[in-house]
Each structure stands twice: as structure tokens, then as C-alpha cells.
There are 2 protein chains.
Amino acid sequence: MSTEFTARTATQVPSAHSAQVPDIEGSALFAGCPDVIGTPFSYDREEEIYGEGEEAEFVYKVLDGAVRTHKVLSDGRRQITGFHLPGDLFGLGQGEINRHTAEALTKTKVLIFKRRQVERAATSRVEVACQLWSMATSDLRHAQDLTLSLGRRSAQERVAAFLLEVDDRLGSAGTFALPMTRRDIADYLGLTIETISRTLSQLEEDGALRRDGGRQVSLHRTRLRRLVED
Amino acid sequence: MSTEFTARTATQVPSAHSAQVPDIEGSALFAGCPDVIGTPFSYDREEEIYGEGEEAEFVYKVLDGAVRTHKVLSDGRRQITGFHLPGDLFGLGQGEINRHTAEALTKTKVLIFKRRQVERAATSRVEVACQLWSMATSDLRHAQDLTLSLGRRSAQERVAAFLLEVDDRLGSAGTFALPMTRRDIADYLGLTIETISRTLSQLEEDGALRRDGGRQVSLHRTRLRRLVED
DNA sequence: CGGACACTTGAGGGGGGTCAACCTCAGTGG
DNA sequence: CCACTGAGGTTGACCCCCCTCAAGTGTCCG
């Protein structure tokens, strides 16, 4: 998996154990394991990378672009569990069978690893196992933060927190283009596209951000942060 | 951490890697690591085990009783992230600082391990590291299932799924006493105690369960399962 | 038997969903 | 160069599910 969109708050502290976080270059991910080499691959916009219920054969590392993973209910309701940006690993931690679907948001380059090889590396090299533990733990933190938002925060708080999270992941410039559609944001935050749209308009009206065409936003971070209880 | 309340669905498959799930007895948890020995300890009903923001010094294994872990917003809104029953490990995966609070639901016996020792064991024995990875992964799955419920399911679906999950964790007898209050259920499912109460009444009226005093329930599992889309 | 806490039930309100119309803009073809 | 098209986004009107507030009913334990 990966660090996904875990917000780096001031209280966050380096990983508990000695394994270090993977660096942006794919080559050093399974350092010291020459048999675990990633194969470059590309996906088009909206292309499925793997599907829920299929055998989990590979693990992926994003090099360029963006990926979303989601679960669906039988009637089509969708919950996005994470967005994956360059440097992130995804597809791990799902046993023999994929527990969600992964799709490319845009044209996306990845490195593909065989899951079995990664697991073999984990059982033979303790640093790899610790690294995988560290990544799973990081994803777990992210999932629990999302749980708190979905369970207990208002639409405005969720959207404000989401914008700050994306800004953070994208380099904390304060100005950026959202890499996903309103539908993706809605399905991530447990809301509807109309509510996302209305909330963004409201935030702009309140001076918490400026917009320029659908995707481009400039955050007023101190005001947004004031809206997010924590 | 632990398997928490992860529902075992028909599609679920044994852990991906070779590490085996810990057994109910604490002694075999860090097998082959004589330096990692748990110290027995007890907590009273509603007693705090550790608090969010404190240094994470220990890891815990439930022997008897039940524990909840939760996060709180500054205005008091609470989200329970998991209930931990006998056999479950909790308190792992939070770096140097606790990212949530843990409290005993009832009088609870645990085994306490020093976090540093567990981490040391992980870096020296690959089976331990894999076991910890496996547990983190299992917790991640659970958190993502909860995310789907909170984001996309109705109150009735959440309560029905919750009852089936508890039944499963408690041995699938179909009849059991809920180990937690309505408030705990509400704070786990992102609802209010009134909605929990009304939903249970409605489910009873629909013949999906029977109640006997506040906590005791008998599930009509096929009817409940029909209410839970998946 | 009485007090406290957990739980239930009702009445009313609001946040966000639903449905529908409209706008914007990039792409495509004439 | 412009008309057409369709997907993504915005906005409004209405409604419903769940929350809020409030009053009751167990039920456990002194």
C-alpha cells in the first residue's frame, strides 16, 4: 500500500520502528533484493488496474499520474478508500484476492511487482518485512482518520480537511489543480457531487479559497484549518 | 493491533503470507522470543488504558473482557475505531505517540508488552515482523470496511452489519449479549443512540431479531443479511 | 424501595440527498 | 472558423433520513 493521503500534522512523528519509508525512486524500494524488480507499465485515464474479487497477482508503485482504489456495493454505491500519487505503493495487503478495485485517474505510469516475490522477500529479509509493516501501519492511520471524518464531521469540515490533505500531498504550495473529479471527491468523503460543489462555492464565498475553472484552487490555509476541528 | 471486528465473509481468504495468526493464548504470540514476555494486568470497567497524545510505551493483548479504541474531536465528538475482544492485540501501529485512546468496556484482563521490545523482536526475527505486518493488514481491511459503511450505508444497513459482525466475533451463536452500550455502538457507526435504539426496535418489529432486556439479542441472520448490501 | 444510568419513544427540525435545469469548456467534424 | 456534442460542474427547489430535544420506561444495585 502506501502513505496515501495521510495528512502530516504537527503531532505526527516518525515511524515507530527502524524500517525507513520508501523513497520516491522505485529502484530502492526493495533494496538488497535483486530478484524483486519492478516492470514499468502504463494505464490510460479511467483504465482499470485491477478489480475487486480477482486474484491479487501484483503490487504497484506509482511513478507518474494518480490512482484511486475503491469498494462498491451491489447497487453501485461507491466508497473510495484512497488516492495514490507518485511514490505510493498500492495493491498490498489484500490476501490472495483483491478487496477493492484500482483505476487510473489520468494517464499513469507504474512499476509492477509480483506479489509472491514481494512476500518471499519479506520472509527472507527482515528490513523488507518491517518496511511492509510500516506501510500497512501508515495506511491504517489514514483509514482511521478517514473513518473519523466520515463518522463525525460535517460536509464543510470534510471538504476543508480534504483540500488541506491534497495540498499537503502535492507539496504544500497552497495552489494546485485537483487531480480528481467532483464524483471522486464525493465518493471519497461520503457525500454527493452537488454537496461538494455547493460546499466549495460556500468556502469561496467565505474567503477560505479561490477557484479558477473547475479544478484549480488556491487555499487560504489558516481559514480552512479553523474550519477543521481536531 | 488485532483482527478487531473484521467480518469473515465467504470471500475472505487466509492471510497472504506465511506468518500465522496469533492464537488465543498470549504465550505463543512472540514465539521464540523469550525476552518478549507479557505481564498480566487488569482494568476496571470504563478505565482508560492509554490516552491519545501520550507516549506509546506498551502493546496489549486482551485475555478477558473487552476494550474500545477511539478518537475524539476537540468539541467532544467521538469515533470508535475498534472493539477488541479476547485474543486481539491492540496499541500497535501508532508510532511514538498514541493516535487514539483505549478504554476497558468491562473489567478486563490483558497482557502488557513493551513496545520497544516488540519492535526489537520484529527487527531480529522475520516471523515476528511478518506477523505484525499481517495484523496491521487485517486491521486495515477492517478500517476500510468500516469506511464503506460510514460513507455509503444507511443506518439500518450499518446496524444490521454491525450485529452480524459482533455475532461472528462472538462465535456465531446467533444469540448473545452486546458487550457495549448504545453510545458505543452509535460512536462506532457514526450515528446517535436514539437512531440505534429506533433501528433495533424496527429490526425487531420486522422479525430480523428478538431482544431480551437492553443487551441480549437473538439474530435472524438470513433476514439481517438480506438487509446488508454488499 | 429509591436513585442512577441505560434505554426507548415521540415531536420537530435541519443537513445533506434527490431531481432537474443550466452553464462551461474541450473536443470533433463540417 | 464555427456549430455541435457530451462530460463535468453549478445552482435551485424540494424532501427525507437522521439529529436534537424532551419525556418517559426499564433495570440494576445500593
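Any value given below was found using the heavy atoms of this structure, including those in side chains, with hydrogens, waters and symmetry copies removed. Numbers restart at 1 for each chain; the letters A, B, ... are given by sequence-line order, proteins then strands.
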Self-check item: Near-ring test B:Tyr188/B:Phe83, centroid separation under 6.0 angstrom
Solution: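 Distance test on ring centres: under 6.0 Å, yes.
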Quiz item: How far does CD1 of B:Ile80 sit from CG of A:Leu148, to the nearest 0.5 angstrom?
Solution: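 That separation rounds to 12.0 Å.
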Quiz prompt | salt bridge (charged side-chain N to carboxylate O under 4.0 Å, His left out) partners for B:Asp167, two or more places apart | solution =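 Salt bridge (charged side-chain N to carboxylate O under 4.0 Å, His left out) check on B:Asp167 returns B:Arg221.
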Quiz item: What bend angle does the helix from C:dC1-D:dG30 to C:dG30-D:dC1 show across its length, from five-pair end axes and to the nearest 10 degrees?
Solution: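 Its terminal axes enclose an angle near 30°.
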Quiz item: Can you find a side-chain donor-acceptor pair between A:Arg210 and A:Thr175 that sits under 3.5 Å?
Solution: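 No.
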Rounding to an integer number of Å, can you tell me how far [X] [atom1] sits from [N] [atom2]?
X        : N      : atom1 : atom2 : value
A:Leu189 : C:dG17 : CG    : C1'   : 15 Å
B:Leu105 : C:dC5  : CG    : C1'   : 16 Å
B:Asp187 : C:dC7  : CG    : C1'   : 15 Å

Exercise. Would you mind building the protein contact string for nucleotides 4-19 of chain D? One character per nucleotide, 5' to 3', B for base within reach (heavy atoms under 4.0 Å), S for sugar-phosphate only, - for untouched.
Key: -----SBBBB----SS
Exercise. Let me have a per-nucleotide readout for nucleotides 21-28 of chain C, 5' to 3', with B, S or -, counting only protein heavy atoms under 4.0 Å.
Key: --------
[X] side chain vs [Y] backbone, donor-acceptor pair below 3.5 Å:
X        : Y        : value
A:Arg182 : A:Gly214 : yes
B:Arg115 : B:Ala56  : yes
A:Arg158 : A:Leu189 : yes
B:Glu204 : B:Arg211 : yes

Quiz item: Applying side-chain hydrogen bond (donor to acceptor under 3.5 Å, both in side chains), which residue pairs with at least one partner in residues 104-114 of chain B are found, sequence neighbours left out?
Solution: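 Found B:Asp44-B:Lys107.
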Quiz prompt | Contacts of type ring-ring contact (aromatic ring centres under 6.0 Å, His included), residue B:Tyr43, not counting sequence neighbours | solution =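 Per chain and number, B:Tyr43 pairs via ring-ring contact (aromatic ring centres under 6.0 Å, His included) with B:Phe41.
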